[in-house]
Protein chains: 2
Amino acid sequence: MDETTKTDGLPQTAAQAGPQTGGAQLHLPGNDRPTLKTIAFMTGLGITTVSRALKDAPDIGAETKERVRLVARQVGYQPNRAGVRLRTGKTNVISLVLSLEEEIMGLTSPIVVGISEVLAATPYHLVVTPYSPSRDALAPVRYVLDTGAADGVIISRTEPKDARVALMLERNFPFATHGRTDMGLAHPYHDYDNEGFAYAAVRALVERGRRRLTLLQPPPHLTFHRHMRNGFDRAVRDFGVETIPFDTVDIDHSLIDIRTAFERLLRGGAVPDGIVSGSGAGTIALIAAIEATGRKIGADIDVVSKVPSDFLGWLRPEVITMKEDIRHAGHELAKAVLARIAGRPPEELQSLSGLDRSKI
Amino acid sequence: MDETTKTDGLPQTAAQAGPQTGGAQLHLPGNDRPTLKTIAFMTGLGITTVSRALKDAPDIGAETKERVRLVARQVGYQPNRAGVRLRTGKTNVISLVLSLEEEIMGLTSPIVVGISEVLAATPYHLVVTPYSPSRDALAPVRYVLDTGAADGVIISRTEPKDARVALMLERNFPFATHGRTDMGLAHPYHDYDNEGFAYAAVRALVERGRRRLTLLQPPPHLTFHRHMRNGFDRAVRDFGVETIPFDTVDIDHSLIDIRTAFERLLRGGAVPDGIVSGSGAGTIALIAAIEATGRKIGADIDVVSKVPSDFLGWLRPEVITMKEDIRHAGHELAKAVLARIAGRPPEELQSLSGLDRSKI
DNA sequence: CGAAAAATCTGTAACGATACAGTTGATCAT
DNA sequence: ATGATCAACTGTATCGTTACAGATTTTTCG
């Protein structure tokens, strides 16, 4: 037994280096955080054995595993993340890449909540990696890839040809997107059925006798612009109604801009009697414009709006709302990245959130 | 020179050893990410020297530092977070502890954005550590403290005697709170001046001739309940008007509950002609109740509401709103934790956000 | 019974960074 | 000269974990 004092005790049982705070025995907590070494000492086993026992390796005896697990639970062992990360490269982190200008009216909150709820049952942490839209949207993704800051990424505001998606696919890095792409490449995503929404919205307007419709649409570079546009145009064709162009602004513009533009439209020659809005916030601006021109929603014009929460239903019940459940999207996205990390093929990790009309 | 092949080359330039399981080669490690070793090799210096050069240690020559910095920049060196964290315990993480039921209407988004904006210029990452209100609010804080998951914590929904604050102070752990406490202990905080808000709100109502006021208040266990209550009560005394009790619900209740309760009040004997609302979401429920009883805001009753965003001003301009800038709170909180981590005394890290009335 | 094969367990060497205790020369006072 | 001092740099150990290549039994079986 030339074991050179391998058993040199527990990892500094009483950390001496407590920052001062003068005086008495304040029960300075110090770091008595148990490590594998602690458990190894307590069980009389080797560190390696403990490590392998805790991950249920096949070459460890059943009784030993039981003992190790018992002690581990007893002392409240939790693996040191830095140790694992350094050794294995596994970060146990999911990075949510967020535009700092993400729609004001609460898109971020529910998605963060949704993701958190899923991750809570796992060892994963959620890290928010922001970017200002003025800067390159690719930068945060590149950062995560280059530094290995996370095991998986969630992005939103996808484009048909999305450079971020291309990059992550090329590096075979696990991710999920809120919104689809159109590159002929399979990847995990969750998306709201914007085409279905727009189609149903037009139908709802037609059923109310509206014949001259217009659309407040997403910005052209985002994928769901096409989806919504397609649904809208197809429905317009199917129901044989007329459209009024409204292309000067989109839902990414400020409320002021939207209001101004729509008011100009309403005061012009070709006036719509029904409008489909792709954004809850945008709808507020539309309402302002409508009422500023002395019109009444439900009487002179009808509005169908996609909304993230239902306060519009409280304040303007005359607006027809269809709820997009963003928190649910958070759930799906988190589950998708985790499954992708676990090796499930991308094709199985694509989901579409159906219509959930809260009103008609 | 018995240097035993210290110069064994760069850190495996093309890492072949994916720690992966037998299946798909997910998450290729293939990163030839430069480390100190890389720079040491390129400059011909020792790893230690490089490390110390990069942190501008006094015992490294000026020219050497310059060379090291140049090469480091050239190869895009970024310190491995796991390495630093394991060795020093420094995580470079700020943890935002969040209630998953945080007010629906967009409190989370802007605070996350605000914090992110400050952290973006630092090496810190933002990790969201959630808790469901059903479970102990202390749990996430304990987790961070026990596991050393972060260098600093931001919490909200503070209580007068807040166990989380007591715990972190006792352990001398850097943190900042959104909201004050009342324990006679100094700690970093940012708070909105809810007393000032309530006082100004009452004044605004009185100026409109309202004499019988009521308050939709925060839940009694949170600190700012007292603040708002104080401001309200003091103003009521100062202006000599009457109050109608409305204690059956608070801003944490569901919109339905608030609406029902307020409608009952309005249909009862003692009817208020002015109400102060401590929550934008709650105000929506109040409006519904008011209109359900056939009353008109601005005519029969006036409403002053604290709001996180100004869409209420768009949809119900007759409501008097006062904006609480949550994003700014995020800025202040982030700066406060960082300063606390840097060793600044708590007393210098307390700020109050003044009134910023968006209307009258 | 002896050897091969399991079944269990263990030490060593990394991962990347830093604290600490040296090691070089060169410079300086005596 | 001689040792002391200083500037500039470097090796070693270590943080906690895991991959890997042995060890040590014990079992199996020809």
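Naming convention: chains lettered A, B, ... in sequence-line order (proteins, then strands); numbering from 1 in each chain.
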May I have the distance from B/Ile39 (atom CD1) to C/dG16 (atom P), rounded to whole angstrom?
13 Å

When every nucleotide of nucleotides 17-23 of chain C is labelled 5' to 3' by its protein contacts under 4.0 Å (heavy atoms), B for base, S for sugar-phosphate only, - for none, what sequence of letters results?
BBBB---

Residue from A/Thr91, A/Leu119, A/Ile115 passing side-chain contact (heavy atoms from CB on, under 4.5 Å) with A/Tyr124
A/Leu119

Of all heavy-atom pairs between A/Arg344 and A/Arg340, which one has the smallest distance, and what is that distance?
O-NH1, 2.7 Å

Quick one: is A/Thr64 getting a side-chain N or O under 4.0 Å of the C/dC9 phosphate, OP1 or OP2?
yes

Rounded interatomic separation in angstrom, taking CD1 from B/Ile60 and P from D/dC6
18 Å

Can you find a heavy atom in the side chain of B/Val118 that is under 4.5 Å from one in the side chain of B/Glu332?
no

side-chain hydrogen bond (donor to acceptor under 3.5 Å, both in side chains) partners of residues 69-78 of chain A, not counting sequence neighbours, each pair once:
none

Going by the side-chain hydrogen bond (donor to acceptor under 3.5 Å, both in side chains) test, which pairs reach into residues 59-68 of chain A, not counting sequence neighbours?
A/Arg52-A/Asp59, A/Asp56-A/Lys65

To the nearest angstrom, how far is B/Leu86 atom CG from C/dA14 atom C1'?
12 Å

Distance in angstrom units between A/Leu45 CG and C/dC9 P, rounded:
7 Å

With nearest nucleotides of DNA chain C determined for A/Lys65 and B/Ala82 from heavy-atom distances, which residue corresponds to the more 5′ nucleotide?
A/Lys65

Calculate the interatomic distance between A/Asp56 atom CG and D/dT18 atom P; express it in whole Å.
14 Å

Which whole-number value in Å describes the distance from A/Leu54 CG to C/dC9 P?
13 Å

When you measure from the side chain of B/Ser116 to the backbone of B/Val112, do you find a donor-acceptor pair of N or O atoms at a distance under 3.5 Å?
yes

Restricting to salt bridge (charged side-chain N to carboxylate O under 4.0 Å, His left out), what partner residues turn up for B/Arg85, sequence neighbours left out?
none

Gap between atoms CZ and P, on B/Arg85 and D/dT17 respectively (whole Å)
12 Å

A correct dot-bracket answer for DNA chain D, with pairs being Watson-Crick or G-U at under 3.5 Å, [ ] for crossing pairs and | for inter-strand pairs, is ||||||||||||||||||||||||||||||

Check B/Asp146 with B/Arg171, please: is the shortest side-chain N to carboxylate O separation under 4.0 Å?
yes

Is it the case that the side chains of A/Ser95 and A/Thr129 hold a donor-acceptor pair, with the cut-off being a distance below 3.5 Å and no angle test?
yes

DNA chain C contacts among residues 142-150 of chain B, heavy-atom distance under 4.0 Å:
none

Between B/Thr108 and A/Thr108, is any pair of side-chain heavy atoms under 4.5 Å apart?
no

Does any non-hydrogen side-chain atom of B/Asp162 lie less than 4.5 Å from one of B/Arg157?
no

